[in-house]
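None of the values given here were measured: they were computed from a predicted structure.
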Amino acid sequence: MKRRAFISLLGGAAVWPVAARAQQPAGMPVVGYLNASAPTAYADDLRAFRAALKEGGYVEGENVAIEYRWGEDKPDRLAVLADELVRRRVSVLVAASAPASLAAAKATTTIPVVFMVPEDPVRLGLVASLAKPGGNATGVNFFAAELAAKRLELLRMLVPLAKRIAVLINPAEPTIAAANLRDVEAAAASMGLQIRVFNASSVAEIDTAFAALASDRPDALFIGSGPFFANRSVQLAHLATRHVIPAVHGPRRYPEVGGLMGYGASLTEAHRQAGAYVGRILKGAKPADLPVVQGTKFELVINASTARLLGIALPPSLLAIADEVIE
């Protein structure tokens with residue numbers, strides 16, 4: 001068992017190296033990076049992205065520049081930010097979420113796009129097929145939304161008598177919300193669980209949703225995936241603990257900041273894979289010829305301290321399959 005240090009960025013300063021903000025030499029390729037969320041907590045992901053670029057022969061500030069754009073959890077900003085990067089004439093546009101990827105796809109049909117999406121990119125209309133993308137986009141599908149059944153299974157292992165499950169969804173991310181609901185409803189039906197959906201699209205609405213949860217008293221909480229909830233991990237963890245509601249979320253940063261349990265694909269690994277593809281494209285590879293990478297690294301992280309606060313005894317069977325238990 002180990003404890004993984006939680007890294008917080010003050011104002012996102014660590015995200016943009018000084019060299020990347022300086023005047024770029026003429027002819028240096030520029031990579032655009034578009035993220036629907038805020039820079040906080042993306043240090044490890046971007047470190048992996050830049051490390052993969054370096055392995056491909058590209059070092060930020062030396063022979064490649066990176067322009068970062070952050071949506072700050074405001075979906076309506078993404079189209080403008082994507083257009084900015086297109087006007088900047090970036091060599092490759094990296095889109096680090098489904099909303100960002102859809103904005104990039106609308107902004108350009110010629111600049112290579114490397115996406116990182118939790119949903120099926122064929123269903124999203126980003127590629128013709130996983131094996132042969134066929135257009136100007138390829139990337140990583142890391143299965144965040146398709147893991148509903150596994151998360152519910154883990155939640156029931158943790159709370160064996162749970163029957164009534166609250167589901168928190170963000171309707172402002174409609175594509176992700178629809179996938180979450182479709183998958184969780186099917187999984188709950190197969191397990192004989194009853195679900196009730198609560199919506200939240202802002203900080204205030206999260207507070208309101210938890211107040212309603214406190215009155216409804218569900219047995220457990222399933223927190224939907226998506227960049228907004230991922231960036232609100234501290235608030236979600238605090239409220240779930242305060243209201244004594246066992247909850248499961250996707251990103252590992254949720255248990256790192258005090259949440260009970262997280263299970264999902266490694267976003268750091270997805271960034272590493274995306275960085276490798278960017279390097280290949282800068283060397284001349286075509287997105288149409290690069291098959292979409294299927295994420296295969298999944299992490300189960302449990303916060304034992306939070307379990308004790310909630311009065312939950314962690315089953316040995318669950319501890320045995322955990323990738324990390326935070327004490």
I'd like to know if the side chain of Q235 reaches the main chain of V203, judged simply by a donor and an acceptor atom lying under 3.5 Å from each other, with no hydrogens or angles considered. yes

For L152 and A188, which heavy atoms make the closest approach, and how far apart are they? CD1-N, 3.8 Å

Residue pair A82 / A103: nearest heavy atoms and the distance that separates them: CB-O, 3.8 Å

If you measure from CE on M157 to CG on L300, what distance do you get to the nearest 0.5 Å? 8.5 Å

Rounded to the nearest 0.5 Å, how far does OH of Y263 lie from CE of M261? 11.0 Å

For the residue pair A230 and R253, what are the closest heavy atoms and their distance? O-CD, 3.6 Å

Taking the side chain as everything from C-beta on, heavy atoms only, tell me whether R242 gets closer than 4.5 Å to L239. yes

Starting from the C-alpha separation in whole Å, work towards a yes-or-no answer on side chain to side chain donor-acceptor pair (under 3.5 Å) for T268 and D44. CA-CA 6 Å; T268 301; D44 286 349; 5.3 Å; no

Decide yes or no on salt bridge (Lys or Arg N to Asp or Glu O under 4.0 Å) for R164 and D216, but give the supporting numbers first. CA-CA 10 Å; R164 298 172 60 250; D216 192 62; 3.0 Å; yes

Does either side chain, that of N303 or that of E256, offer a donor lying less than 3.5 Å from an acceptor on the other one? no

About how many Å separate CG of L181 and CD1 of I169, when rounded to the nearest 0.5 Å? 4.5 Å

Got S266 and E299 here, is their nearest side-chain heavy-atom distance under 4.5 Å? yes

Do V293 and N141 come within less than 4.5 Å of each other through their side chains, counting heavy atoms only? no

Does the side chain of F115 reach to within under 4.5 Å of the side chain of V127, using non-hydrogen atoms? yes

Residues A247 and I223: closest non-hydrogen pair is CB-CD1, 4.2 Å

Among the clusters formed by ILVMFWY side chains lying less than 4.5 Å apart, do Y42 and Y254 turn up in the same one? no

Checking T306, I245, L155 against L260 for side-chain contact (heavy atoms from CB on, under 4.5 Å), the one that qualifies is T306

List the steps, then state whether side chain to side chain contact (heavy atoms under 4.5 Å, CB included) holds for F298 with D323. CA-CA 9 Å; F298 307 101; D323 294 280; over 6 Å; no

Between V30 and V64, is there a side-chain heavy-atom distance shorter than 4.5 Å? no

Side chains of P112 and L93: does their closest heavy-atom pair fall under 4.5 Å? no

Can a donor-acceptor pair be found between the side chains of S225 and N180 at a distance below 3.5 Å? yes

Start with the C-alpha gap between E67 and R69, add the side-chain angles, then the distance that decides, and say whether salt bridge (Lys or Arg N to Asp or Glu O under 4.0 Å) holds. CA-CA 7 Å; E67 292 275 347; R69 297 292 186 276; 3.2 Å; yes

Check whether NZ of the Lys or CZ of the Arg R50 lies under 6.0 Å from the centre of the six-membered ring of Y58 and within 45 degrees of that ring's axis. no

Using the rule that two of Ile, Leu, Val, Met, Phe, Trp, Tyr join whenever any of their side-chain heavy atoms come within less than 4.5 Å, decide whether L310 and L319 are in one cluster. yes

Side-chain donor or acceptor of E205 paired with backbone N/O of S201 under 3.5 Å: yes

Relative to each other, are the rings of H243 and F210 parallel, tilted or perpendicular (30° and 60° limits)? parallel

For a 4.5 angstrom cut-off between non-hydrogen side-chain atoms, does V113 reach S101? no

Between D45 and R272 (salt bridge meaning N to carboxylate O under 4.0 Å), is one present in this structure? no

Any Lys/Arg nitrogen of E72 or R77 sitting under 4.0 Å from an Asp/Glu carboxylate oxygen of the other? no

Could you walk me through whether Y33 and L46 satisfy the side chain to side chain contact (heavy atoms under 4.5 Å, CB included) test, starting with their C-alpha distance in whole Å, then the side-chain angles of each, then the deciding distance to 0.1 Å, before giving a yes or no? CA-CA 10 Å; Y33 177 90; L46 289 172; 3.6 Å; yes

Group every Ile, Leu, Val, Met, Phe, Trp and Tyr by side-chain heavy-atom contacts under 4.5 Å, then state whether L102 and V122 land in the same group. yes

Work out which heavy atom in A36 is nearest to a heavy atom in P227; give both atom names and the distance. CB-CG, 4.0 Å

Please report the closest heavy-atom contact between G258 and T241, naming both atoms and the distance. O-OG1, 3.9 Å

Hey, does the side chain of T208 reach the backbone of A204 with a donor-acceptor pair shorter than 3.5 angstrom? yes

Apply the test side chain to side chain contact (heavy atoms under 4.5 Å, CB included) to residues L221 and L213: give CA-CA distance (whole Å), side-chain angles for both, the deciding distance (0.1 Å), then the verdict. CA-CA 9 Å; L221 170 64; L213 282 168; 4.2 Å; yes

Could you check K297 against E269 for salt bridge (Lys or Arg N to Asp or Glu O under 4.0 Å), going step by step and ending with a plain yes or no? CA-CA 7 Å; K297 184 177 181 180; E269 178 64 13; 5.0 Å; no

What verdict does the side chain to side chain contact (heavy atoms under 4.5 Å, CB included) test give for R87 and E84, after you've listed the backbone C-alpha separation in whole Å, the side-chain angles of each residue and the deciding distance to 0.1 Å? CA-CA 5 Å; R87 289 197 301 272; E84 282 183 13; 3.5 Å; yes

Point-to-point distance, once rounded to the nearest 0.5 Å, from CD1 of I281 to CG of L290: 5.5 Å

Calculate, to the nearest 0.5 Å, the distance between atoms CG and NZ belonging to D83 and K106 respectively. 11.0 Å

When you compare the side chain of L282 with that of V92, does any pair of heavy atoms fall below 4.5 Å? yes

Are V86 and V80 connected in the hydrophobic side-chain network, where two residues link if heavy atoms are under 4.5 Å apart? no

Should V90 and V59 be counted in the same cluster of Ile, Leu, Val, Met, Phe, Trp and Tyr side chains packed under 4.5 Å apart? no

E173 side chain to F228 main-chain N or O, any donor-acceptor pair under 3.5 Å? yes

Given the rule in the salt bridge (Lys or Arg N to Asp or Glu O under 4.0 Å) test, do K54 and E60 qualify, once you have shown the distances and angles that lead to the verdict? CA-CA 8 Å; K54 185 175 182 180; E60 184 178 14; over 6 Å; no

Parallel, tilted or perpendicular: ring planes of F229 versus H249, cut at 30 and 60 degrees: perpendicular

Would you say K283's side chain and G56's backbone share a donor-acceptor pair under 3.5 angstrom? yes

Supply the atom-to-atom distance L267 CG to F49 CZ, rounded to the nearest 0.5 angstrom. 14.0 Å

